[in-house]
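All of these numbers come straight from a predicted model, not from anything done at the bench. Hydrogens, waters and symmetry mates play no part in the numbers below; they use all other heavy atoms, side chains included.
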Amino acid sequence: RLAANKICASHAFTSMFLWKEAMQLSIWLEPDGYLVQQGSRGENHYFFPCGTDDAKARMLSMLPPDAVLHYADAQDLAFMEQWRSGKYSAQPARGDWEYLYDRQAQLELPGTRYGKIRRKVNHVRSLPGWKAQPIDAQNLPLVYELESEWHKLSYNRIGAADGQAVATALKYFQELALFGILAFTDNGPTGYFLGAYLDENTFCGIAPRALDSTHFAGLRWELYHSLSPTVHTINLEEDMDLDGLRQNKTELRPIGFYEMWDIQLSDTH
């Protein structure tokens, strides 16, 4: 993936492993590339293959003529123009676009653009006893307890798939080399936020949890503050065409998107 310069969450092993059950994923892996089938979208739906140009051409040639390819980025469109110009169709998949944020701006929160977020962060960080620490083997049991409590909250609207992905992340936290922070107030553990490095410059955040919904801004700030100094971009994944999620991610002030397209292999011209 890194050799192919695909710095997105969709094709990262961690993301695929966490969502494999919900998305019904299976992978075809070869030395020079890989192709993922996504059963949850229906028959003959795949991620655009990742790897060398030879690997992509070989894998695409073996797919059925009505195959639909998801999570195709700009370099994949350029490949299709070279490999099969005029014999495919592509449509922007807005719900699959991954939201990108400037880490330094999210920490400094300058000016009026970040004023609302800054006020929320300052409020949370001034709470009595507020502190954050990296998640490790010693405090991971507290994270499990928080996850259990969080699922009982009335404002929690997550689906079963999201909960399953987070449960997998906690179960394999160390094996997947995940990183996260656990936050406390005087009342004890109050929330956590974890994710994975997509490369040395990009970190992908996975669904945060907070017993008090006003604490999310503080959790994000603490996580971003704790990351490796080489990280300059935060990826908060896609919004899946959910209006509420799109609004929330937009209000966090993205600097851009990792844009994705759906590609139909059949000749529609």
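Residues V166 and Y192 meet the side-chain proximity criterion, which asks for heavy atoms closer than 4.5 Å. Counting heavy atoms from C-beta on, the side chains of I234 and L223 never come closer than 4.5 Å. Between R220 and Q106 there is no side-chain heavy-atom pair separated by less than 4.5 Å. Considering only heavy atoms from C-beta on, I117 comes within 4.5 Å of R253 through its side chain.
Side chains of D212 and T214: a donor on one and an acceptor on the other come within 3.5 Å. With hydrogens and angles left out, the side-chain atoms of Q133 and N139 include a donor and acceptor closer than 3.5 Å. For the 3.5 Å distance criterion, the side chains of Y224 and Q104 fail to qualify, holding no donor opposite an acceptor.
Listed by chain and number, the residues in a side chain to side chain contact (heavy atoms under 4.5 Å, CB included) with E259 are W97, F257, W261 (sequence neighbours excluded). Take E30 and apply the salt bridge (charged side-chain N to carboxylate O under 4.0 Å, His left out) test, not counting sequence neighbours, and it matches R58. The salt bridge (charged side-chain N to carboxylate O under 4.0 Å, His left out) test applied to R125 returns E222, not counting sequence neighbours. N201 pairs by the side-chain hydrogen bond (donor to acceptor under 3.5 Å, both in side chains) definition with nothing, not counting sequence neighbours. Contacts of D262 classified as salt bridge (charged side-chain N to carboxylate O under 4.0 Å, His left out), with partners at least two apart in sequence or in another chain: none. Among residues two or more places apart in sequence or in another chain, the side chain to side chain contact (heavy atoms under 4.5 Å, CB included) test is passed with F13 by F17, L176. Applying the ring-ring contact (aromatic ring centres under 6.0 Å, His included) rule to F184 yields no partners; only residues at least two apart in sequence or on another chain are considered. For R113, the side-chain hydrogen bond (donor to acceptor under 3.5 Å, both in side chains) criterion is met by no residue, not counting sequence neighbours. Every residue two or more places apart in sequence or in another chain was checked for a ring-ring contact (aromatic ring centres under 6.0 Å, His included) with F48, and none qualifies. Under the rule for a side chain to side chain contact (heavy atoms under 4.5 Å, CB included), the partners of N122 that lie at least two apart in sequence or sit in another chain are R118. Partners of D136 by salt bridge (charged side-chain N to carboxylate O under 4.0 Å, His left out), not counting sequence neighbours: none found.
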ask   = Checking salt bridge (Lys or Arg N to Asp or Glu O under 4.0 Å) for the pair D73/R1: CA distance, chi angles, key distance, verdict?
value = CA-CA 13 Å; D73 62 16; R1 177 180 63 86; over 6 Å; no

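The hydrophobic clustering, which links ILVMFWY residues whose side-chain heavy atoms are closer than 4.5 Å, places M62 and L69 together.
Dense packing is recorded around OH of Y144, with more than 12 heavy atoms of other residues, nucleotides or ligands lying under 6.0 Å away. Few gaps surround NE2 on H232; more than 12 heavy atoms of other groups in view lie less than 6.0 Å from it.
Using a cut-off of 4.0 Å between Lys/Arg side-chain N and Asp/Glu carboxylate O, D239 and R94 are scored as salt-bridged. Using a 4.0 Å cut-off between charged side-chain N and carboxylate O, D53 and K56 make a salt bridge.
Put simply, the residue from F193, Y197, Y101 that forms a ring-ring contact (aromatic ring centres under 6.0 Å, His included) with F203 is Y197.
Among residues at least two apart or in separate chains, ring pair (Phe, Tyr, Trp, His ring centres under 6.0 Å) pairs with a member in residues 102-142 are W130-H215.
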